[in-house]
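Computed from a predicted structure; not experimentally measured. Residue numbers begin at 1 in each chain, while the letters A, B, ... track the order of the sequences.
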2 protein chains.
Amino acid sequence: MSVNGNVEFPTRTRPTMREVAALSGTSLKTVSRVMNNEAGVTPALVAKVKQAALTLNYQPNFTASSLRRNDGKTNTIGVLLEDIANPFSAALHRAIEEVARARGVAVFAGSVDEDESREQELAAAFISRRVDGLIIVPAGHDQSYLKIEKQSGTPMVFVDRPPALLDADSVLTANFEGAKAGVEHLINHGHRRIAYLGDLETITTAVDRFSGYKDALDRAGIAFDESIVQMNLRASVDAEHVTSKILASPNPPTAIFASQNLISVGVMQALHRFGLQYSVALVGFDDVPMVELIEPGLTALVQNISGLGKAAAEMLFARIDGTNAATEHRVLDVVLRERGSGEIPGPHEK
Amino acid sequence: MSVNGNVEFPTRTRPTMREVAALSGTSLKTVSRVMNNEAGVTPALVAKVKQAALTLNYQPNFTASSLRRNDGKTNTIGVLLEDIANPFSAALHRAIEEVARARGVAVFAGSVDEDESREQELAAAFISRRVDGLIIVPAGHDQSYLKIEKQSGTPMVFVDRPPALLDADSVLTANFEGAKAGVEHLINHGHRRIAYLGDLETITTAVDRFSGYKDALDRAGIAFDESIVQMNLRASVDAEHVTSKILASPNPPTAIFASQNLISVGVMQALHRFGLQYSVALVGFDDVPMVELIEPGLTALVQNISGLGKAAAEMLFARIDGTNAATEHRVLDVVLRERGSGEIPGPHEK
DNA sequence: GACATGCCTGACAACGTTGTCAGGCATCGA
DNA sequence: TCGATGCCTGACAACGTTGTCAGGCATGTC
């Protein structure tokens, strides 16, 4: 359906400070002073200039201003996310926006989609627009292409995944420790046969979580069993399929660790289909949206996503403000939220 | 936890075309020509310039370029969303990004949070950075403040909600027709006592959906009953509370229409708590994430969110490219997805 | 050989703004 | 009354780039 409205007015050209100066009978420079609230302009002149600006509906051109100003700041930052639309990226983005807003900084954002070349293109696009800094969730395995850019004075902070082949600030989640704590939680509830379903092995967070799983097994003296481990899962349907296969095998696990929320969803679907949701324990990394509606609730390792974004933005702005300290690597803790699925007892419960 | 890395190198100042010209022994203008792939430069010179640019790691300054160029385009657009982090906004944002990316356009985004003044601030921030156009999900009830900006030549397209007191392009969802179809679906399944839980009455989409509900009742000859209608709900807990109250009342409804996904969640929680999820029918506007896991599945009116974003971006770029046609108002259809909750029969089933 | 033609190249101005600096004017003290 | 002081104001250059235009050189034509 399509309805037509009125034809628009012909467009006038946008007024500049020069025109405001002409209308108010003063000079360009005085207009500049008034617009920047600089002290030392006669009140009468200030009023005249403001009136003229209002009459012409003058809108300052911030890009021209930052080109000329000594600090050269554009009051703009760029954020490279995995995918703007996924809940993790969106929450991160929001937390960054919050900090930026308080400083009058506008935020460019883009999706990298786990694509190395897309990462470089986006970074280049933001750099050519002279952002004051970059916050990056990297996809590729080599960020050395940013080395010269960093030396040229563009601060950058990496979030969720560390930079590779580049020395730069980062804010990460305790993936290893979190996964380990999750698996230990299952062990403490009497499980010794624990399946692991993981994400792409090219993603460092996935690798760290897997290491946490193995470490927990090691410390409990449980042998690693390949037959109940599956990496490189992406969609929840894949996880559902793998879970079904594992549950139907001769020696099925009594508990499952899901390394990521989409995987948790797939596992939950398979468990529900088999009617095993109250007999096979499940701990997942990352919360699942609307999880409150499902029974039993998902016991999950919850990341502090807004904490990641807030910390990254604050570190970035500190650099933008000129801090020249050594590279900083911050790690945020993960919280185990018990909701039922992870507390189902196993055969070895004490 | 915090680990220190190496101290960074002292920052060099970023090279300009002037320096590239000096190093390659040519003129500023020739460098400009090479960088813009203009024809008519000797291949030997092109090579020398490119080599020099590489050596200095020259990065073009797009903002300076757009200041000088005749078209004045910044190849940048601004998007005003309700809240970057909510799934609707994020999906919209993503669809817009997709279209922009194909054109080499960078996207500013910001959250308005249903706050009128925040809307104006964000718009001003983007305008002062001279975006080529704006895509807006408005919060306020008067967009006339954008009138002069529109006349100054900044194209703008409104999404999800129409502009008020301003003539501008828009892309909306068929809220009235969708809600009406959803209520009629319940009526067709034998329901005549249908509760309505709605969003803020200040939001036009909420008002339109409510009108659709009333129209469907009217046409079926069902009297409107205030006691099972509640507007101005925002959080899912509010919806849960109201649902519980209505279900416990002397003459409870046999079906419920939820005007929005958070409200659907609240209703579902209440139904599950009362054990009524298989006896009271429910149709909701908007999908609920991870809805596949819940039984019975939510029958929902699904919006074409990416269609909204894609259409808005395409309309915007058409304007940016100079199309001067009459204002266009596009409306996208809603699809009723049957998943069980809406097909529970009522007492008047034929 | 003289001249016209066309292709490359670079000098200069300009985009809209702010930094620098000098000049004008009023005020103050002697 | 005169000079010194300080406050306002505006002329000019500059940020990094592209548009305009003129000049230089080689080639082609008669």
Exercise. What nucleic acid atoms does B:Thr63 come within less than 4.0 Å of, heavy atoms only: base, sugar-phosphate, or nothing?
Worked result: nothing

Exercise. How long is the span from the CG atom in B:Asp160 to the CD1 atom in B:Ile135, to the nearest 0.5 Å?
Worked result: 13.0 Å

Exercise. Among C:dG10, C:dT18, D:dT18, which is the nearest nucleotide to the side chain of B:Arg69?
Worked result: D:dT18

For this session: Scan side-chain atoms only and decide if B:Glu149 and B:Thr154 contain a donor-acceptor pair under the 3.5 Å cut-off.
Result: yes

Exercise. Whole-Å distance between C:dC15 C1' and A:Asn61 CG?
Worked result: 9 Å

Exercise. Is there a donor-acceptor contact under 3.5 Å linking the side chains of B:Thr76 and A:Arg129?
Worked result: yes

Problem set entry | 5′-ward residue of the pair A:Tyr58/B:Ser27 relative to DNA chain C | B:Ser27

Exercise. Run the salt bridge (charged side-chain N to carboxylate O under 4.0 Å, His left out) check on A:Arg103 and A:Asp321 step by step: do they pass?
Worked result: CA-CA 12 Å; A:Arg103 292 179 50 119; A:Asp321 289 341; 3.0 Å; yes

Exercise. To the nearest Å, how far apart are B:Gln59 CD and D:dG16 P?
Worked result: 15 Å

Exercise. So how far off straight is the helix from C:dG1-D:dC30 to C:dA30-D:dT1, going by the axes through five pairs at either end, to 10°?
Worked result: 60°

For this session: Have a look at B:Ser66 and say if it touches a base, only the backbone sugar-phosphate, or nothing, with a 4.0 Å heavy-atom cut-off.
Result: nothing

For this session: Return the orientation label for the B:Phe108 and A:Phe108 ring planes: parallel under 30°, perpendicular over 60°, tilted otherwise.
Result: parallel

For this session: Please state how far atom CZ in A:Arg68 lies from atom P in C:dT20, giving the value in whole angstrom units.
Result: 8 Å

Problem set entry | Single hit among B:Leu122, B:Val137, B:Ile84 for side chain to side chain contact (heavy atoms under 4.5 Å, CB included) with B:Ser111 | B:Ile84

Exercise. Would you say A:Ser65 reaches C:dT18's phosphate, i.e. side-chain N/O to OP1/OP2 under 4.0 Å?
Worked result: yes

Exercise. A:Asn70 has an atom CG; how far is it from atom P of C:dC21, in whole Å?
Worked result: 12 Å

For this session: Provide, to the nearest angstrom, the distance between the NZ atom belonging to A:Lys29 and the P atom belonging to C:dG23.
Result: 18 Å

For this session: Would you kindly give the CG-to-C1' distance between B:Leu28 and D:dT18, to the nearest whole Å?
Result: 9 Å

Exercise. Under 3.5 Å, is there a donor-acceptor pair between the A:Glu116 and A:Tyr145 side chains?
Worked result: no

Exercise. Whole Å only: how far is the CE atom of B:Met17 from the C1' atom of D:dG19?
Worked result: 13 Å

Exercise. Does any residue of residues 32-53 of chain B have a heavy atom under 4.0 Å from DNA chain D, and if so, which ones, in number order?
Worked result: B:Ser32, B:Asn36

For this session: Would you kindly give the CZ-to-C1' distance between B:Arg14 and D:dC15, to the nearest whole Å?
Result: 14 Å

Problem set entry | Pairwise distance CZ(A:Arg94) to CG(B:Asn86) - rounded to 0.5 angstrom | 9.5 Å

Exercise. Do A:Asp142 and A:Ser144 have side-chain atoms, one donor and one acceptor, less than 3.5 Å apart?
Worked result: yes

